[in-house]
Amino acid sequence: MAKDILSELNESQRQAVCEIDGPVMVIAGAGSGKTRVLTYRIAYMLERGIAPWNILSLTFTNKAAREMTDRVLKLIGDKRAKAVQMGTFHSVFLRVLRTEAEKIGFTHALTVYDTDDSKALLRNIVKEMNLDPKIYVVNFILNRISAAKSSLMSAEDYAQNSEARAYDKECGKPLISDIFTRYNSRLHSANAMDFDDILYYMNALLRDYPETLFKYQNRFQYILVDEYQDTNFAQYRIIKRLADAHHNICVVGDDAQSIYGFRGADINNILNFKRDYKEAKIVKLEQNYRSTQNIVNAANAVIKNNNKQIPKTVWTENEEGTPITVLSSASESDEAMLVCDSIFEIEHNYHVDLNDIAILYRTNMQSRALEECLIKKHIPYRIYGGTSFYARKEIKDILAYCRLAVNHYDEEALRRVINYPLRGIGETSVERAIACANEQGVRMWDVIENPHFYEIPVNNPTREKFVDFTAKIKSFTAMLQSKDAYELGKHIAFASGIVAALKADPSEKDRADNVEELLDAMKDFSENAEESTFNEETGEVIEHFEPTLDRFLENVALLTDADEKEKDDQSKVRLMTIHAAKGLEFDYVYITGLEENLFPSSLSIGSKRELEEERRLFYVAITRAKKVLTLTHAQTRYRYGSMQFCEPSRFLDELPMSCLKTIAKASAGRGTFARREPKSNPWGERTFQKKSAPTKPQNDLDISAIGRLANNNDLRPGQRIYHLKFGYGTVARIDGSNPNDLKAIVAFDTLGEKVLLLKFAKLIIPKN
DNA sequence: ATGGAGACCTTTTTT
DNA sequence: AGGTCTCCAT
């Protein structure tokens, strides 16, 4: 068996698979068979007699984990494969944390706050502290807190960190540290963790409890980490601690595909591996099996423009393939039309399966225009991303009841459903209960459970409503052990009154259906529950498993919509962000919106580091394609409600001409704009307007005939300006402190006063 | 308490 | 532009 496995691998792959003792870092170029190496390695380890429960395999998505399990299963044809601990960082560590919860001041019933819960809590805290929510924007605060936790900084560390404090002060938000402290203590008293806490506390657990560390070091003697380039500091530390005893660690990654820097992923983790493990073996997988030569060459040419990277040469023996097409379009709807036409053509002329086609974009909002067009042309599609199933209101409502049944202290869940379905507990009553709890230093649940004892300042009937509510929740709690997730979930859906409330309103049909679907998922979970893992020789139970509701919640908390399974088997074009496409491959790939300020994003253009990340993102996008790659850009696009002119992305200039096909013109029938024309521009040949404009116009209209583009310094009160849409006017004043956010108040000659965001307005200083 | 009108904000990527 | 939130009128 082992022999068979190895014969299917090339030399470097074989090395990556067989070096099972000691630290190994595999630098896996795009399409070089990374997943294959990981799965074969696990199979090989099992072949060599390593106990499956001693293997820990960490991935970033549940989907990747599941795929890995399936593939190992197929390879080994053995139930043992299921006993391998495979999962995402968050899911595996959450499980550990629930087991060890008491050590870190939580209980086994702990629940997980998703991003919405975290934001809701922060919103409440900002309100309670009487801060201006316009200054203390929850997104900003959460990002700060998340970044701190990801680098293992506690609220106390943060409070003492002068750098962080100075930064916050500079942003006009000096109280972030206090919010952080409060946020953490609220999470703690709710017996809840946010996403980042899972990593933070996991590290703390291993750091502070040597015997626990020892236990898991021996449990996980062989560690594999996928997508190592995307690990953050917290993940790095945890892995390091776990691997410290046996040094049997294998990390697989590609520095060129690091695209989560914004979330704290630290590319240095991969660059420093050799420093941490002196005896480490480095294996490079450089042969690409996925894509045509044209695609590989294009990807290489693009990534060459980045400075910091591990030297490697990705090459392929595949055929040269079709040249890469770049399509220019007049607008986003034109772009969508070009893409759809092309898909329609390959589907009908070449009988391409729609499942093999993907449309990728930088931001989720870009899906709209594409979606409209796909509908119009009756092309089936599926969009990944956007609001996930588990983020929907009705689903969150039911799950809130479930969470509350498991963990009475889950304050976000409590607030969410205490008056839904309506039971006459108004907002004022809730506020009074909370105030009452805060005054007496107990939790909200405590006071509403005993409203008379704690003397909540509400009338008696309301107190009784509180009691009734807690009684109902407690009746659910009582069934936690006796019923499986599906039985109890179903009971809760009905007994909570949610199903009745949804059924009462015919416009809520969709929501009712979604509840059905959630129950189906629970059923699936309960029926196909994984088995407990135990050591066959000693009979020792390694991992006990019951399909209870709290176990279901544990899974669900960390699911994303990418993990939702297909409902029908109809072939569909896939639409997703490039981030979501990481790790996937398609025969035909369309990368849309290749425009400056969109891809690369305007937020990244200022910083070299972030620009390089955008380039890696482009690299990832290109290398998703196996056979045919099409790139598109639009010359105008609606953004913030108004039309913007868009320059083609600088990334297009980085593609080697030898890989490109002549550029199709913008969609037929309509006129189009000329593109800017640097000498090196390979697809600027055909233009539909005169090619004059030797200046570097920011957009495609001939600005030079009117005047020149204004820069911020030009714009003083009294300055005459011209606006493409609004005509001539005079600047009244300039507003805003942040240079990125300056607004001009302009008195237009015919239209009166308007406020324009300078970032987007493209004002022109007229000649003379 | 419910719903509608209007203000306001958004747009990076996500476990 | 579109979605969400707020406030006001019912």
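Chain letters run A, B, ... following the sequence lines, proteins first and then strands; every chain starts at 1.
- With hydrogens and angles left out, the side-chain atoms of A:T632 and A:E335 include a donor and acceptor closer than 3.5 Å.
- Look at the C1' atom in both C:dC5 and B:dT12: the space between them is 23 Å, to the nearest Å.
- Remark: A:E227 engages A:K34, A:K582 in a salt bridge (charged side-chain N to carboxylate O under 4.0 Å, His left out) (not counting sequence neighbours).
- In this structure, CG of A:L575 is placed 17 Å from C1' of B:dT13, rounded to the nearest angstrom.
- Per the geometry, CG belonging to A:L142 stands 15 Å off P belonging to B:dT15, to the nearest Å.
- Closest contact between the side chain of A:T88 and the listed nucleotides B:dT15, B:dT2, B:dT14 involves B:dT15.
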Contact list (N/O, under 3.5 angstrom) for nucleotides 10-12 of chain B vs protein:
residue, atom, partner, partner atom, Å
B:dT12, O2, A:R362, NH1, 2.8
B:dT12, O2, A:R362, NH2, 2.1

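- Between A:R98 and A:D550 there is a salt bridge, since a side-chain N of the basic residue sits under 4.0 Å from a carboxylate O of the acidic one.
- Using a 4.0 Å heavy-atom distance criterion, A:F89 is classed as making no nucleic acid contact.
- Residues from residues 250-259 of chain A with heavy atoms under 4.0 angstrom of DNA chain B: there are none.
- Atom CD1 in A:I238 sits about 17 Å away from atom P in B:dT15, given to the nearest Å.
- One interatomic measurement links the two molecules: CG of A:D194 to P of B:dT14, which rounds to 18 Å at whole-angstrom precision.
- With respect to the salt-bridge test (charged N to carboxylate O, under 4.0 angstrom), the residues A:D410 and A:R416 do not qualify.
- Legend: residues meeting ring-ring contact (aromatic ring centres under 6.0 Å, His included) with A:Y638, ordered by chain and number and at least two apart, are absent.
- Shown here are the salt bridge (charged side-chain N to carboxylate O under 4.0 Å, His left out) partners of A:R624, two or more places apart in sequence or in another chain: there are none.
- For DNA chain C, the outermost nucleotides in 5' to 3' order that have an atom under 4.0 Å from a heavy atom of chain A are C:dA1 to C:dG3.
- Heavy-atom minimum distance, A:Y228 versus A:N269: CE2-O, 3.2 Å.
- A:R616 has no carboxylate O lying under 4.0 Å from a charged side-chain N of A:D255, or vice versa, which leaves the two without a salt bridge.
- At whole-Å resolution of the value, CD1 in A:I425 and P in B:dA1 are 12 Å apart.
- The distance between atom CG of A:N232 and atom P of B:dT14, rounded to the nearest whole Å, is 16 Å.
- Stacking of A:R382 on the aromatic ring of A:Y384 is recorded, both the 6.0 Å distance cut-off and the 45° axial limit being met.
- Using a 4.0 Å cut-off between charged nitrogen and carboxylate oxygen, A:E332 and A:R368 do not count as a salt-bridge pair.
- The pair A:E412-A:R415 does not count as a salt bridge, with every side-chain nitrogen at least 4.0 angstrom from each carboxylate oxygen.
- Nearer the 5' end of DNA chain B, as judged by each residue's closest nucleotide, is the contact made by A:G424, out of A:G424 and A:T577.
- Salt bridge absent: A:D70 and A:R66 never bring a charged side-chain N and a carboxylate O closer than 4.0 Å.
- The distance between atom OH of A:Y638 and atom P of B:dC9, rounded to the nearest whole Å, is 23 Å.
- Nucleic acid contact for A:T115: base, since at least one base atom lies under 4.0 Å from a heavy atom of the residue.
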